[in-house]
Amino acid sequence: MKALLVRYQIPFPKTHDIGYLLKLAAQADAALPQELADAELLTPFGVDFRYPGAEIVDRAMVAQAVAWATMVKDAVLNRLQSYLAAGRPQ
């Protein structure tokens with residue numbers, strides 16, 4: 001998500017808040033926040049679940065998180081494909 005923001009020169013703060021990043025990404029692609037709405041549920045995986053003592057998530061939740069992360073990666077790469085194929089023109 002941050003790569004897309006960088007590509008479109010959309011400033012963003014240091015954050016793991018996927019919902020916030022999606023709102024910013026709407027400046028480049030208005031359909032993205034709706035397409036990736038479920039991805040907001042990844043936010044706790046960026047911070048909350050990374051440290052000892054954090055809530056334990058079950059395998060089903062981990063599998064769902066991996067599916068959402070893959071969906072985000074694929075959506076962003078799809079939108080950056082022509083830019084990257086062109087050798088990252090200015």
Side-chain angles (χ1 to χ4, degrees):
M1 188 69 60
K2 291 178 181 179
L4 184 82
L5 296 173
V6 169
R7 188 296 180 222
Y8 287 101
Q9 300 178 346
I10 299 169
F12 58 91
K14 212 178 217 188
T15 185
H16 294 291
D17 186 334
I18 301 296
Y20 181 69
L21 295 172
L22 280 169
K23 287 176 188 167
L24 292 176
Q27 296 173 47
D29 187 328
L32 197 59
Q34 186 171 354
E35 180 182 335
L36 298 177
D38 288 340
E40 290 186 42
L41 297 171
L42 287 170
T43 296
F45 289 89
V47 179
D48 298 345
F49 300 140
R50 289 173 44 186
Y51 299 101
E55 178 183 346
I56 304 294
V57 294
D58 62 21
R59 288 182 186 266
M61 184 57 160
V62 170
Q64 185 60 60
V66 169
W68 289 326
T70 301
M71 183 175 59
V72 170
K73 179 192 73 148
D74 291 346
V76 169
L77 284 175
N78 183 47
R79 284 162 172 83
L80 293 177
Q81 189 173 27
S82 63
Y83 174 73
L84 295 171
R88 299 177 2 194
Q90 301 296 323

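For this chain, numbers begin at 1 and follow the sequence in order.
Remark: Trp68 CH2 to Glu40 CD distance equals 11.0 Å, nearest 0.5 Å. The structure places CG of Leu77 at 7.5 Å from CG of Leu84, a figure rounded to the nearest 0.5 Å.
Within the 4.5 Å cutoff, side-chain heavy atoms of Met1 are placed close to those of Leu36. A heavy-atom distance below 4.5 Å is not found between the side chains of Asn78 and Asp74. When side chains are defined from C-beta on, Leu41 does not count as touching Gln64, because their heavy atoms never get closer than 4.5 Å.
Nearest heavy-atom pair across Tyr8 and Arg79 is OH-O, 4.5 Å. Closest approach of Leu42 to Ala65, counting heavy atoms only: CD2-O, 3.3 Å. Between Ile18 and Thr43, the shortest heavy-atom distance links the atoms N-OG1, 2.9 Å. Across all non-hydrogen atoms, the minimal contact from Leu32 to Ala75 is CD1-CB, 4.2 Å. Contact between Ala3 and Leu80 at its shortest, heavy atoms only, is CB-CD1, 4.0 Å. Shown here for Leu22 and Pro33, the closest heavy-atom pair between the two residues is O-CG, 3.3 Å.
Although no hydrogens or angles enter the test, the distance criterion places a donor-acceptor pair under 3.5 Å between the side chain of Lys2 and the main chain of Thr15.
The 12-atom threshold is not exceeded at NZ of Lys23, counting heavy atoms of other residues, nucleotides or ligands nearer than 6.0 Å.
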